[in-house]
Amino acid sequence: MTAAPGYAPRRTLPLRVEIVRQFKRRRTIVAFGLLLALPWILVIAFQFGPQGPGNGQGLRISDLATESGLNFAAFALSASASFLLVVAVALFCGDTVASEASWSSLRYLLAAPVPRDRLLRQKLVVALGYSAAAVICLPLMALLAGTLAFGWDDIQVPGTGETIPALDVLPRFGIVIGYALVSQLVVAALAFLISTVTDSPLGAVGGAVGLWIVCTILQAVEALGVLREFLPTFWNNAWIDALAPELDWSGMAKGASVSITYAAILIAIAFRRFRVKDVVS
Amino acid sequence: MKRTAALVAVLALLGVTVWLVWPSVPEVRGQAQRITVVDGPSDDQRVELDVTFFPPPEGGRAPAVLLAHGFGGSKRSVRAEATELARQGYAVLTWSARGFGGSTGEIALNSPDYEVKDVKQLIDWLAGRPEVLLDAAGDPRVGITGASYGGAIALLTAAHDPRVDAIVPQITWSDLGDALFPDAAGGGPANGVFKRMWAGIFFGQGGAVQGGAAEGLEALTRRPQPMTAEQARCGRFLPSICEIYQDVATTGKATPEAVELLKASSPVHVAGRVKAPTLLIQGQRDSLFPLGHADANARAIAAAGTPVSLAWYDGGHDGGDGEADWLREQTLAWFGRYLKGDDTAAVSAFTITRDGGRDPGTRQRIRLHPEADAYPGLGGTDVTAVTLSGPEQHVANPPGGSPAAVSTVPGVSGLLGGGGQGTTGLSIDMPGQSAAFESAALTAPLQLTGSPSVKVRVHGSGEVTLFAKLFDVPDSFQPPALPAGLVAPFRVTIPEGAGSAEATVTLPAVDHRFESGHRLRLVVSTTDMAYATPAEPASYRIGLVSPALSVPTVSSLAAPPSGIAWWVWAMPLAAIAVAAVVLATGRTGARRAAGPPAAERVPAPDDAPPLEISGLTKAYRNGELAVDGLSFRVEEGQVLGLLGPNGAGKTTTMRMMMGLIRPDGGGVRIFGEPVTPGAPVLSRLGSFVEGPGFLPHLSGRDNLELYWAATGRPAADARFDEALEIAGLGKALERAVRTYSQGMRQRLAIAQAMLGLPDLLVLDEPTNGLDPPQIREMREVLKRYARDGRTVIVSSHLLAEVEQTCSHVVVMHRGKLVTTGPVSVLLSTATATATNGHGPRLEDVFLDLIGDKA
């Protein structure tokens with residue numbers, strides 16, 4: 001008899017269990033609460049903010065935010081994609097293993113035993129799921145809030161001011177959210193890797209966000225030339241192309257390529273390291 | 001770790017060394033001097049030219065490049081370009097043309113009698129330089145490049161001097177008469193409409209700029225110098241040219257003398273004699289010398305069999321981006337090929353700069369450079385007929401020609417040093433002055449490349465001056481855009497009594513994409529600010545002879561592979577491959593460390609002991625051994641005490657039992673199965689090591705239930721009730737764990753270890769933090785647990801604890817096994833040391849064993 005009756009490695013740590021374990025955390029609730037409240041805060045800000053004389057004249061994404069619900073959702077996404085969503089994704093992915101280590105519950109899971117690869121896989125899937133939910137819920141809530149506040153109308157394209165019918169742009173919106181998900185893969189993978197090597201959840205989240213900020217700064221160094229294209233942050237805003245009159249895939253393709261490349265390698269390193277790691281926490 | 005640090009240090013050192021030792025770019029030094037030339041129709045006028053010679057920095061003989069400046073400039077305005085060319089291994093000569101900068105003489109508009117003769121003598125001078133490569137004695141290997149005025153001298157010199165080997169004229173004219181008196185109806189300069197504003201700027205720049213150092217903003221801001229009457233009138237122009245200009249600028253009509261004079265300065269009439277391979281670079285934003293001029297030059301040169309390439313770039317006299325880097329690349333490639341004989345340097349026959357949208361990363365404009373293997377001409381490779389519609393419309397010429405329509409404001413961006421964005425779209429038509437004919441909305445995008453043409457009929461009398469423009473009308477609220485701000489002026493002479501006349505109007509050559517849904521709008525107006533228009537009021541009727549507007553397109557223009565770069569798909573695939581390798585090699589590493597290979601594994605016998613440790617060794621990072629060759633065995637039904645002082649290696653040993661850390665040597669077997677991280681046999685082990693580990697936000701009950709769910713085993717096997725009874729938490733079970741006391745957590749953790757009643761229970765200091773009644777209870781629980789055929793291992797540093805709980809004991813000290821055996825045997829062997837009258841105590845035995853007697 002090699003194992004206890006009823007034990008099977010592939011049945012350990014079911015996704016449902018991990019989801020429940022994470023969901024009841026205050027951190028999760030607060031993060032989602034914030035993401036869902038942000039669109040309403042923005043709506044209030046736009047409603048009560050002073051109406052400039054040039055209101056409705058400019059063609060920046062922020063000037064057009066009050067034109068329609070779709071415009072508003074695009075604005076909310078652009079305002080949050082560069083930092084808020086990064087932090088949210090880093091939170092879900094960076095905290096997942098490191099917090100278990102800091103609670104000492106990691107060693108009991110491993111001795112249960114949940115095989116190490118399986119533990120990482122299940123945790124990664126759930127963390128990515130929460131991250132995806134965060135990335136999706138913000139624009140959807142913004143769409144809802146914007147539609148209630150500013151009405152359902154065709155989208156006015158930032159920059160050129162052209163109008164695309166609302167029904168044509170809805171699939172594009174799907175592309176935008178999909179791309180935002182893919183582009184956040186790097187943050188997720190990086191946070192996850194750090195999470196497996198440290199016992200400090202804040203260290204993992206902060207490390208991922210910190211490296212992200214360094215990349216954003218490096219991106220501003222024009223002297224790096226074409227090298228910047230390979231920074232994980234470089235294509236972060238490429239989803240704007242999906243809202244252009246002519247859908248342009250090239251930027252998003254490059255961004256997805258860079259993102260997947262980094263994510264694949266970082267996650268592989270995370271698994272490899274964790275597999276042989278001495279768990280002393 | 002150390003190896004990595006050493007590697008990084010070595011690489012850093014290597015990098016710094018290479019950086020320090022790397023040969024620096026040799027410095028380019030210009031040598032200013034004055035060269036006296038003799039020119040004039042009868043070769044009797046001495047002129048001193050102010051030149052700067054940049055020898056090739058590498059030394060030796062190199063091909064030479066003559067770098068000419070634009071109108072109003074001097075040798076100083078091309079200094080940066082000259083330095084760059086010299087750095088690329090050319091001997092570069094810049095000079096101020098006669099009448100400009102520090103050179104003497106008067107401006108003769110690149111006349112073959114004056115400027116061309118000057119440049120021929122500069123080539124003579126180059127032939128005598130030791131730095132210049134020679135094709136033959138007196139014949140240097142030489143190329144000429146320059147923009148505008150400097151481009152024309154390149155063409156004219158190449159036509160008059162066969163020693164020139166390659167030229168790159170930029171934004172220059174083919175026929176100066178056509179440039180200043182264009183007629184889009186094909187009437188020639190004599191019938192042309194005077195390009196008043198450009199002509200004024202052009203001639204104004206030849207004014208009294210003595211010392212010639214001022215360009216751009218400097219020219220606008222510097223204090224004007226006092227001038228003589230003659231200087232003020234004619235500046236540094238040759239008096240004969242000045243006279244003619246004064247005449248035509250007043251009347252707005254080209255006189256035969258003017259046409260003749262301008263023809264002498266026009267390369268297109270002598271271009272057939274150009275034998276030097278020519279790269280013509282013309283600006284798409286140029287209302288002075290529009291693309292048609294490059295077309296005329298190219299056709300004339302190519303007719304004689306000389307290789308010609310054309311590039312339409314985003315720039316010109318009206319601004320645009322300028323694309324300085326790209327122009328330099330093209331120029332270097334051309335000279336590389338024809339002066340240095342570098343066959344790898346290739347320039348396509350026809351290249352266009354197109355807007356490639358915004359860069360998704362930087363959000364900045366990017367430019368594409370689609371290429372064609374052959375130059376199709378302004379007629380394109382294909383022609384699309386677009387149907388225009390609109391009735392005959394009345395238009396009026398306002399008295400005095402004012403107010404006038406605005407298309408391009410010439411010279412504004414040019415004066416400010418160029419580089420500014422053009423004024424596409426800023427186009428104003430005055431009401432009542434224009435007739436408009438519009439197409440239906442396009443069903444597919446239309447890329448116009450070349451000159452569209454249309455046939456119009458004008459009703460009226462006498463000479464009618466008109467301006468045709470082709471607008472791009474978007475479907476939404478955006479204003480119509482006039483591509484490149486270009487207009488086609490034309491003059492129709494209506495014969496007496498005919499009442500109307502037809503004209504075929506060739507619209508300006510542009511490269512413009514009309515998007516799907518946009519409309520094309522032909523506007524014919526009576527005024528344009530940049531041109532001289534008649535002062536007498538008049539009114540006409542304008543209609544289309546044929547509704548077809550022929551729009552040339554060039555299908556052979558293929559964008560260079562701008563689609564998806566190879567790395568876009570290659571990189572993720574490579575990354576996934578690398579990831580697979582990383583994982584695969586990691587797995588073999590794990591297997592090697594996990595104990596004997598599968599072949600050596602024998603199925604565990606049913607009577608295998610619950611725990612068997614052999615030669616177990618684990619070193620700390622600093623090399624000190626935490627566990628050193630530990631071997632012992634635990635039989636079924638035993639309660640084993642793992643005894644040792646703090647730091648004896650008890651906890652490390654237990655972690656190795658749980659598969660949390662990997663032994664450096666030896667191994668642990670549980671029920672005969674080797675322990676590896678996540679080995680299934682661990683499911684028969686319950687453990688509590690180094691304190692509890694719970695999710696603080698969940699209740700005690702949730703923690704236990706979720707833990708059990710995480711093992712994947714049936715809930716019925718958990719025996720929750722028995723475990724919870726041991727925990728004895730009562731109602732606190734429903735509170736979040738973060739509210740628990742240390743003792744409550746401890747009991748909950750032991751309960752968790754006992755979930756499912758594992759065959760082997762490992763507890764690390766289980767009684768820490770418990771109060772005396774609870775300690776006693778715990779002892780009973782453990783004894784009872786072992787009595788049912790299960791095995792318990794308890795570590796402790798408390799002797800009394802072990803003595804009262806355990807049947808067997810393993811004593812460890814500094815990672816090594818000191819002794820092992822039943823507690824009773826241990827006690828009986830120690831009678832000798834019992835000195836104080838009491839029975840033997842484990843404490844004495846222990847102190848004795850670990851050698852602290854001394």
Side-chain angles (χ1 to χ4, degrees), chain A residues 1-9 11-14 17 20-21 24-26 103-116 160-163 228-229 234-235 237-238 240-241 244 248 250-255 257-258 260-262 264-265 267-269 271-272 275-276 278-280, chain B residues 357 359-361 363 476-478 563-565 567-569 571-572 575-576 578-580 582-583 586-587 589-590 593 604 606 655 658-662 671 673 677-685 687 689-698 706-707 709-714 717 752 756 758:
Chain A
M1 189 170 66
T2 60
Y7 172 80
R11 283 208 296 267
T12 55
L13 194 61
V17 172
V20 173
R21 282 159 57 88
K24 293 194 177 170
R25 302 184 54 184
R26 203 172 287 172
W103 296 327
S104 304
S105 50
L106 180 62
R107 60 167 172 261
Y108 294 109
L109 283 179
L110 292 178
V114 181
R116 291 193 179 187
T160 64
E162 286 171 75
T163 307
R228 292 178 305 156
E229 290 196 14
F234 191 74
W235 306 97
N237 290 326
I240 291 176
D241 293 341
D248 178 9
S250 63
M252 287 191 281
K254 287 180 183 174
S257 162
V258 170
I260 290 170
T261 301
Y262 279 101
I265 291 177
I267 289 175
I269 295 173
F271 273 82
R272 185 193 163 114
R275 207 182 263 162
V276 297
D278 282 348
V279 176
V280 292
Chain B
D359 180 288
R363 314 310 306 164
S476 66
F477 51 87
Q478 294 176 84
I564 292 201
W567 58 263
V568 168
W569 53 267
M571 208 168 62
I576 288 167
V578 168
V582 163
L583 289 177
R587 198 181 284 279
D606 284 345
R655 285 180 174 280
M658 293 163 70
L660 294 177
I661 59 182
R662 297 143 46 78
F671 300 108
E673 292 288 321
V681 73
L682 288 170
S683 58
R684 297 176 65 185
L685 171 101
S687 53
V689 175
E690 248 195 335
F694 293 111
L695 278 59
H697 53 278
L698 296 180
L706 285 173
Y707 174 78
T711 67
R713 292 164 63 186
D717 290 359
Q752 177 176 294

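Throughout, a chain's letter reflects where its sequence line sits, starting with A, and its residues are numbered from 1.
- Evaluation of the side chain to side chain donor-acceptor pair (under 3.5 Å) rule for B:Arg655 yields B:Glu690 as partners, not counting sequence neighbours.
- Among the candidates A:Val280, A:Val114, A:Leu110, A:Ile260, the residue making the largest number of heavy-atom pairs closer than 4.5 Å to chain B is A:Val280.
- Each of B:Leu695, B:Thr711, B:Leu706, B:Val578 has some count of heavy-atom pairs under 4.5 Å with chain A, and the biggest count is that of B:Leu695.
- With a 4.5 Å cut-off on non-hydrogen atoms, B:Phe694 touches chain A through its backbone but not through its side chain.
- Of all the listed residues (A:Ala268, A:Pro113, A:Pro115), the one sharing the greatest number of non-hydrogen pairs under 4.5 Å with chain B is A:Pro113.
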Stepwise side chain to side chain contact (heavy atoms under 4.5 Å, CB included) check, B:Ser687 with A:Tyr108: CA-CA 8 Å; B:Ser687 53; A:Tyr108 294 109; 4.3 Å; yes
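- No donor-acceptor distance shorter than 3.5 angstrom exists from the side chain of A:Trp235 to the backbone of A:Met252, with no hydrogens or angles considered.
- For the pair A:Val279/B:Met658, no side-chain contact is recorded, criterion being any heavy-atom separation below 4.5 Å from C-beta on.
- Highest contact tally toward chain A, considering only B:Ser683, B:Ala579, B:Gly678, is held by B:Ser683 [criterion: heavy-atom pairs under 4.5 Å].
- Put simply, the side chain of A:Arg272 does not reach to within 4.5 Å of the side chain of A:Val276, judged on heavy atoms.
- Residue B:Ala580 does not touch chain A at all, counting heavy-atom pairs closer than 4.5 Å.
- Only the backbone of B:Pro692 comes within contact range of chain A, with at least one heavy atom under 4.5 Å from a heavy atom of that chain.
- Heavy atoms of A:Arg116 lying under 4.5 Å from chain B belong exclusively to its side chain.
- Between chain A and the options B:Leu660, B:Ile576, B:Ile661, the largest number of non-hydrogen pairs under 4.5 Å is found for B:Leu660.
- Here the side chain of A:Arg107 pairs a donor or acceptor atom with the backbone of B:Val689 at under 3.5 angstrom.
- Residues satisfying the side chain to side chain donor-acceptor pair (under 3.5 Å) test with A:Thr261, not counting sequence neighbours, are none.
- Only the side chain of B:Leu698 comes within contact range of chain A, with at least one heavy atom under 4.5 Å from a heavy atom of that chain.
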